[in-house]
Amino acid sequence: GEDVEQSLFLSVREGDSSVINCTYTDSSSTYLYWYKQEPGAGLQLLTYIFSNMDMKQDQRLTVLLNKKDKHLSLRIADTQTGDSAIYFCAENFDGGSQGNLIFGKGTKLSVKP
Amino acid sequence: DAGVTQSPTHLIKTRGQQVTLRCSPKSGHDTVSWYQQALGQGPQFIFQYYEEEERQRGNFPDRFSGHQFPNYSSELNVNALLLGDSALYLCASSAARKATQYFGPGTRLTVL
């Protein structure tokens, strides 16, 4: 079945780079997403990538996709205390743009000053 | 441009009661999806509405039902509430043939 897995915790120092990893199981062409959730809030879409791409960069965020290994990562450059949050990896289950999203359990990023 | 809005923010109910949650999509969006997020978990897909019809459904019982109105806003109804229905209920909207879903702030439901 479909499954998205993430490590649960990551702790970094302010100014360092953070790398959050995710693995997924669906083998069809699909969209993959990174969402950020701050305490008591909804999900904020950070970025997304289609499975025919290897990399996408957006300011401090870099997404890398290894389709062969079904591995997705999110790199945050120059991590700030405001980046402390839970980061969710999600896969578009139906492989199209209107399918439902399958989420991992989230990685809690703690940024120490 | 208002984003996705949800009401109410918080809700407390007792077992066996019924609840209705509301969602207004982002301007220009016509598709609404509902997710349930239990504490410490990722969101789980409940169902999706498009053109006032349920287009897809996740693994949730019939106690969970919904509706979409002509203005694209949506309601989620849950009957015969159980303690396990306590969660953050998230609404997401998207535009047809677009890859991105945008989430509202959620409704926190507590069942006592």
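Chain A is the first sequence line, chain B the second, and so forth, proteins listed ahead of strands; every chain is numbered from 1. These numbers were taken from a predicted model, which means no experiment stands behind them.
- Residues Q101(B) and Y31(A) are not in side-chain contact: their nearest non-hydrogen atoms beyond the backbone lie 4.5 Å or more apart.
- When the side chains of ILVMFWY residues are joined at heavy-atom separations under 4.5 Å, either directly or via intervening members, L39(B) and L90(B) end up in two distinct hydrophobic clusters.
- Rounding to the nearest 0.5 Å gives a distance of 8.5 Å between CD of Q44(B) and CD1 of I102(A).
- Hydrophobic clustering (side-chain heavy atoms under 4.5 Å, transitive across Ile, Leu, Val, Met, Phe, Trp, Tyr) groups Y87(A) together with L10(A).
- Under the 4.5 Å side-chain heavy-atom criterion for grouping Ile, Leu, Val, Met, Phe, Trp and Tyr, L64(A) is not connected to I20(A) through any hydrophobic cluster.
- In this structure, V19(A) is not a member of the same hydrophobic cluster as I76(A), with clusters built from ILVMFWY side-chain heavy atoms closer than 4.5 Å.
- Atoms OG1 and OH, on T100(B) and Y33(A) in that order, are 7.0 Å from each other to the nearest 0.5 Å.
- Within a 6.0 Å sphere centred on CZ of F69(B), heavy atoms belonging to other residues, nucleotides or ligands number more than 12.
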Under 3.5 Å, which donor-acceptor pairs do the side chains of residues 103-113 of chain A form with other protein atoms, sequence neighbours left out?
from    : atom 1 : to     : atom 2 : distance (Å)
T107(A) : OG1    : Q6(A)  : NE2    : 3.1
T107(A) : OG1    : S7(A)  : O      : 2.5
K112(A) : NZ     : S11(A) : OG     : 3.2

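- Between F103(B) atom CZ and F88(A) atom CZ the span is 10.0 Å, to the nearest 0.5 Å.
- Using non-hydrogen atoms only and a strict 4.5 Å limit, the part of residues 40-48 of chain A facing chain B consists of A41(A), G42(A), L43(A), L45(A), Y48(A).
- In this structure, Y35(B) and L101(A) approach most closely via the heavy-atom pair OH-N, 3.1 Å.
- Open room surrounds CG on N59(B); 12 or fewer heavy atoms of other groups in view lie less than 6.0 Å from it.
- Within 6.0 Å of atom CG in L112(B), more than 12 heavy atoms from other residues, nucleotides or ligands are found, so the atom counts as buried in its surroundings.
- At a 4.5 Å heavy-atom cutoff, the contact between Q37(B) and chain A is made by side-chain atoms alone.
- Around atom CZ of R60(A), more than 12 heavy atoms belonging to other residues, nucleotides or ligands sit under 6.0 Å away.
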